[in-house]
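Heads up, the thing below is written out as structure tokens.
Worth knowing before you read on, the calculation uses all heavy atoms, side chains too, and leaves out hydrogens, waters and symmetry mates. Numbers restart at 1 for each chain; the letters A, B, ... are given by sequence-line order, proteins then strands.
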Protein chains: 2
Amino acid sequence: MQKIGRLLEIEKLITEADISTQDELLRKLREKGIPCTQATLSRNLKQLGISRIPDGSGGYKYSLSAMLRLTDAFPFKLNLVPVIREITEARGMMIIRTLPGNASNTAFFIDGAGRFEIAGTIAGDDTILLIPRDGITIPQVHSCLESILPGLHEQIKKK
Amino acid sequence: MQKIGRLLEIEKLITEADISTQDELLRKLREKGIPCTQATLSRNLKQLGISRIPDGSGGYKYSLSAMLRLTDAFPFKLNLVPVIREITEARGMMIIRTLPGNASNTAFFIDGAGRFEIAGTIAGDDTILLIPRDGITIPQVHSCLESILPGLHEQIKKK
DNA sequence: AAAAAAAATGCATAAATATGCAAAAAATAG
DNA sequence: CTATTTTTTGCATATTTATGCATTTTTTTT
């Protein structure tokens with residue numbers, strides 16, 4: 001699934017820095033080893049609800065749409081469920097295993113949900129350590145994850 | 001002051017209907033008797049913080065930037081103060097006189113602020129009737145207007 | 001009120017983005 | 001595993017948007 005990784009990286013890149021053209025974004029993707037063309041990028045941005053907005057300083061930058069930021073109404077939902085392989089628990093923390101190379105992006109996505117329950121995450125290549133906030137139980141984290149990634153637990157059981 | 005009227009109309013048009021290209025917006029402006037070119041429109045949209053975002057149904061539409069909607073950080077503020085000529089009071093209501101042709105747009109702008117104090121407005125060509133909500137005093141409406149349109153009262157006094 | 005400065009505009013065109021179509025890749029069914 | 005359907009992609013190009021520059025309009029200053 002080449003596409004999901006690219007979509008995540010796109011979200012990440014436009015979140016981390018101001019990017020003003022698709023060509024600029026394209027270059028950054030390629031630096032990360034993700035090949036892509038402008039055409040595909042244009043389509044992906046549309047799907048993600050990302051648009052080019054005036055940056056207030058005379059230029060433009062890419063940004064998540066107001067719509068996507070303000071509501072959950074946007075019909076497209078990034079589905080990361082398929083890249084998650086296994087979830088286990090140890091020492092009050094949660095260990096999430098993903099397909100190779102997907103841990104960092106997935107962790108970024110989880111962080112992006114801004115949930116109180118989650119104190120932070122650390123990601124390697126295919127493993128994420130999720131640290132719950134003090135006083136939060138593992139079942140609480142499970143339901144939190146389920147709300148971030150609907151269908152997650154059902155998917156895990158299948159494997 | 002040709003420009004302000006156009007800016008207001010642009011805001012109004014993209015608020016009222018989904019518009020997907022500048023050419024489409026241009027046509028609607030012209031239908032309203034407001035001449036404009038695509039070049040100017042592009043610049044105006046940038047100034048207003050309006051951008052073209054995916055509409056979630058496979059197309060695009062123009063929309064106020066998230067930034068503008070969420071915060072007051074956007075450096076450009078539409079300055080309607082110059083079109084307002086006079087403010088008087090009658091029967092617990094407020095009568096606002098504007099330059100010819102500017103009442104409707106100005107009222108739209110005031111409505112858009114979504115203030116509790118204001119029950120509603122009715123606009124003719126150069127006059128707005130502002131109806132305060134029950135229990136709201138004229139001085140309260142004055143300070144409400146001042147916050148929507150900073151500098152308003154100072155301007156009025158000068159004339 | 002005239003001169004000077006600043007802002008707005010149109011034209012032409014550059015820059016940037018979107019998309020039809022055919023090919024390739026991936027997912028699904030049998 | 002192979003055939004079928006669906007999804008994704010690139011290429012080429014159409015569409016759409018942004019902007020440099022010269023000109024006009026508006027505002028400010030004197």
*Between C:dT9, C:dT19, C:dA16, spot the one nearest the side chain of A:Arg52, thanks.*
C:dA16
*Looking at the side chain of B:Tyr62, which of D:dT17, D:dT9, C:dA18 is the nearest nucleotide?*
D:dT17
*Tell me which nucleotide among C:dA16, D:dT17, D:dG10 gets nearest to the side chain of A:Thr21.*
C:dA16
*asked:* Quick check on C:dA26: is either OP1 or OP2 less than 4.0 Å from any side-chain nitrogen or oxygen of A:Lys3?
replied: no
_Connected via hydrophobic side-chain network under 4.5 Å: B:Ile19 and B:Leu7_ = yes
*For A:Asp23 and D:dT17, give me the distance from atom CG to atom C1', rounded to whole Å.*
15 Å
*Linking I/L/V/M/F/W/Y whenever any side-chain heavy atoms sit under 4.5 Å apart, do A:Leu13 and A:Tyr60 land together?*
no
*asked:* Is it true that A:Ser20 and A:Glu24 share a donor-acceptor pair across their side chains at a distance under 3.5 Å?
replied: yes
*Between C:dT9 (P) and B:Leu45 (CG): distance, integer Å*: 13 Å
*Counting side-chain heavy atoms from C-beta on, which of D:dC11, D:dT19, D:dA18 comes nearest to B:Gln22?*
D:dA18
*Smallest separation among heavy atoms of A:Pro54 and B:Leu45, with atom names*: CG-O, 4.2 Å
_I want to confirm an ordering. Mapping B:Pro35 and A:Ser20 to their closest nucleotides on DNA chain C, which one lands closer to the 5' end?_
B:Pro35
*For C:dT9, take OP1 and OP2 only and decide whether either is under 4.0 Å from a side-chain N or O of B:Arg6.*
yes
*With DNA chain C as reference, determine whether B:Tyr60 or B:Thr40 sits nearer its 5' end, using the nearest nucleotide of each.*
B:Thr40
_Rounded interatomic separation in angstrom, taking CD1 from B:Ile10 and P from D:dT17_ = 13 Å
*Let me know the distance between CG of B:Leu29 and C1' of C:dG10, rounded to the nearest Å.*
16 Å
*Show the numbers, then the answer: is there a side-chain contact (heavy atoms from CB on, under 4.5 Å) between A:Ile122 and A:Ile128?*
CA-CA 6 Å; A:Ile122 301 173; A:Ile128 301 164; over 6 Å; no
*asked:* Nearest to the A:Ala39 side chain among D:dT9, D:dG10, C:dG10, which nucleotide is it?
replied: D:dG10
*Per the atom types in the model, does the base of C:dA18 pair as donor or acceptor with the side chain of A:Gln38 at under 3.5 Å?*
yes
*Phosphate OP1/OP2 of D:dT17 contacted by B:Lys46 side-chain N/O (<4.0 Å)*: no
*Checking side-chain contact (heavy atoms from CB on, under 4.5 Å) for the pair B:Arg52/B:Thr21: CA distance, chi angles, key distance, verdict?*
CA-CA 8 Å; B:Arg52 193 178 194 238; B:Thr21 68; 3.9 Å; yes
_Among D:dA18, C:dC11, D:dC11, the one nearest A:Thr37 by side-chain distance_ = D:dC11
*Within the structure, does a side-chain N or O atom of B:Ser42 lie under 4.0 Å from either OP1 or OP2 of D:dT17?*
no
*Grab the CD-C1' distance between A:Glu24 and C:dA15 for me, whole Å please.*
14 Å
_Between C:dT17 (P) and A:Ile50 (CD1): distance, integer Å_ = 13 Å
*Tell me the partner of D:dT30, counting only Watson-Crick (N1-N3 plus N6-O4 or O6-N4) or G-U wobble (N1-O2 and O6-N3) with both under 3.5 Å; none if nothing fits.*
C:dA1
*Integer-rounded Å distance: C:dT17 P and A:Leu41 CG*: 9 Å
*Could you give the CD1-to-C1' distance, from B:Ile19 to D:dT16, as a whole number of Å?*
15 Å
